[in-house]
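Notes follow once the structure below has been shown.
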Amino acid sequence: MTTNWKEIESKYYMFLVRRQPMVLERGEGTRVWDTEGKEYLDFTSGWAVNNIGHANPVMAEAISKQAETLLQTSNQFYTIPQLKLAQILVDNSCLDKIFICNSGTEANEGAIKLAKKYGKKNKNGAYEIITALNSFHGRTMMSVAATGQPHYQEIFQPIPTGFTHVPYDDIEAIKQATNERTVAVMLEPVQGEGGVNIPDSEYLKQVRSWCDENGLLMILDEVQTGLGRLGTLFGYQSFDVEPDVITLAKGLGGGVPIGAFMAKDSACAFDPGDHGSTFGGNALTCAGAYASTKFIIDNNVPAHAAEMGEYMGQGLNKIKANHEFVTEVRGMGLLWAMFFDSDMTPAVIAAANEAGLLMNPLRPNAIRLMPPLTVSRDEIDRAMSKLETALTEAAKQG
Ligand SMILES: *Cc1c(COP(=O)(O)O)cnc(C)c1O
């Protein structure tokens with residue numbers, strides 16, 4: 001007797017996402033298997049989360065050991081995994097302090113609160129934050145308000161105010177939007193959900209200078225780009241800038257749910273009691289995140305990601321050359337997108353699933369590829385061949 005999990009889902013789970021048809025049961029490295037035993041190359045990695053692959057023994061051991069030791073204490077007490085994680089992240093970044101929470105949107109929520117407190121304390125009560133169109137900052141109300149995509153906001157009106165949205169990769173737009181109420185600029189180093197939009201190599205440096213000249217905080221949402229995805233440990237390093245605040249989540253935990261925001265001492269405006277979290281910084285997820293982060297640093301995984309990213313980019317461009325309907329391929333590190341001249345994403349995803357390759361439907365006319373950072377050359381070769389098959393198949397249905 002096999003359980004019909006899809007029936008159970010439609011009966012019991014709130015309908016908020018159209019799922020891919022397979023029920024995934026286990027994974028190892030870049031591969032996952034469904035309940036039918038079919039194997040897939042996972043080029044979604046849990047939405048750019050499983051940076052060191054599925055079921056990495058380093059994490060499995062850290063988590064199970066911690067589960068036998070201590071799970072949760074609240075932040076009334078000192079706990080070791082939290083402090084080890086804090087130390088390794090601060091020591092390897094340009095930031096001085098960290099607060100650990102549970103997700104990306106919570107990290108952004110915290111960073112926004114920090115900026116508002118900073119404005120109260122240091123900038124005559126300035127509170128407005130400039131963010132970019134096409135950005136994605138999460139699903140809580142403040143993050144929805146920060147997100148520069150109206151379709152995430154309309155049904156939840158009224159939403160919090162205090163955000164000004166400007167075109168991405170346009171320093172003049174930021175300059176024009178700045179006024180005496182502005183306290184911060186908050187941007188993704190590369191826009192992920194918004195379409196893998198890579199800014200001009202000077203953009204973030206220009207933003208840094210503008211923030212310096214006007215006493216604004218530069219906040220980078222590194223929820224998707226952090227921990228090696230762009231080929232450097234933090235995305236800001238790929239653009240040669242030092243932000244005042246960054247937010248992390250997805251890849252930080254290597255699969256366990258965790259987020260964090262980090263700040264320079266000069267931006268740490270909080271006083272005791274201003275912010276907090278019951279689960280934030282708990283021993284279990286911190287042990288997992290520490291194991292993953294240490295693995296990434298010790299093995300120089302970001303450099304591997306940079307090399308594999310370049311290799312995958314070549315593969316994707318070769319495929320583009322073979323198929324007229326592929327209009328663009330763009331990416332950085334191991335975050336890539338492919339665009340089509342029509343809305344063929346559903347057909348491409350279905351054919352890729354059939355061929356044993358999992359990808360993310362980014363737009364009706366675009367897919368996103370973000371394999372674990374530990375992906376091998378051979379796995380990229382196999383994925384490219386499966387993608388080629390899927391495109392040919394989807395085009396036939398065209
Ligand atoms: C995914 C994402 C978020 C939201 O993270 P959650 O953990 O889903 O709350 C925020 N910002 C960026 C850039 C993201 O990619």
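For reference, positions follow the sequence shown, starting with 1. Counting convention: from 1, in listed order, for ligands and their atoms alike. All values below come from the heavy atoms of this structure, side chains included, with hydrogens, waters and symmetry mates left out.
Interface atoms of ligand 1 facing E188, defined by a heavy-atom separation under 4.0 Å, are 13 (C). Proximity to N108 (heavy-atom distance under 4.0 Å) selects the following atoms of ligand 1: 10 (C), 11 (N). Listed by atom number, the atoms of ligand 1 under 4.0 Å from D221 heavy atoms are 10 (C), 11 (N), 12 (C), 13 (C). Within the listing of ligand 1, atoms 4 (C), 10 (C) sit less than 4.0 angstrom from a heavy atom of G138. Per-residue contacts place H137 under 4.0 angstrom from the following atoms of ligand 1 (heavy atoms of the residue considered): 10 (C), 11 (N). Set against the non-hydrogen atoms of S103, the atoms of ligand 1 under 4.0 Å away are 7 (O), 9 (O).
Under the 6.0 Å cut-off for aromatic ring centres, F239 and Y203 do not qualify, their centroids lying 6.0 Å or more apart.
Here's the thing with G104: one of its N/O atoms is less than 3.5 angstrom from an N/O atom of ligand 1. Between F136 and ligand 1, a contact under 3.5 Å exists for at least one N or O pair. Between Q224 and ligand 1, at least one pair of N/O atoms sits closer than 3.5 Å. Inclusion of K250 in the set of residues having an N or O under 3.5 Å from an N or O of ligand 1 is warranted.
With salt bridges taken as basic N to acidic carboxylate O contacts below 4.0 Å, none links E9 and K6.
Contact of the V326 side chain with the L391 side chain is registered, since non-hydrogen atoms from C-beta on lie closer than 4.5 Å.
Residue, atom and distance of the protein heavy atom nearest to atom 9 (O) of ligand 1 are T105 N, 2.8 Å.
Seen from the ring of Y311, R377 counts as a face-on cation partner, given the 6.0 Å and 45° thresholds. Annotation: cation-pi pair R363/F340 absent, no NZ/CZ under 6.0 Å from the ring centroid and within 45° of its normal.
Both L248 and I297 are assigned to one and the same hydrophobic cluster, defined by single-linkage of ILVMFWY side chains at heavy-atom distances under 4.5 Å. With hydrophobic clusters built from ILVMFWY side chains whose heavy atoms lie under 4.5 angstrom apart, L252 does not share a cluster with L114.
At a heavy-atom cutoff of 4.0 Å, ligand 1 is contacted by no atom of T247, backbone or side chain.
Put simply, atom 6 (P) of ligand 1 has protein non-hydrogen atoms near it, under 4.0 Å away.
Between H323 and F325, the angle of the ring planes lies from 30° to 60°, which puts this pair in the tilted group. The aromatic rings of F261 and F270 sit perpendicular, their planes meeting at an angle over 60°, well past the 30° parallel limit.
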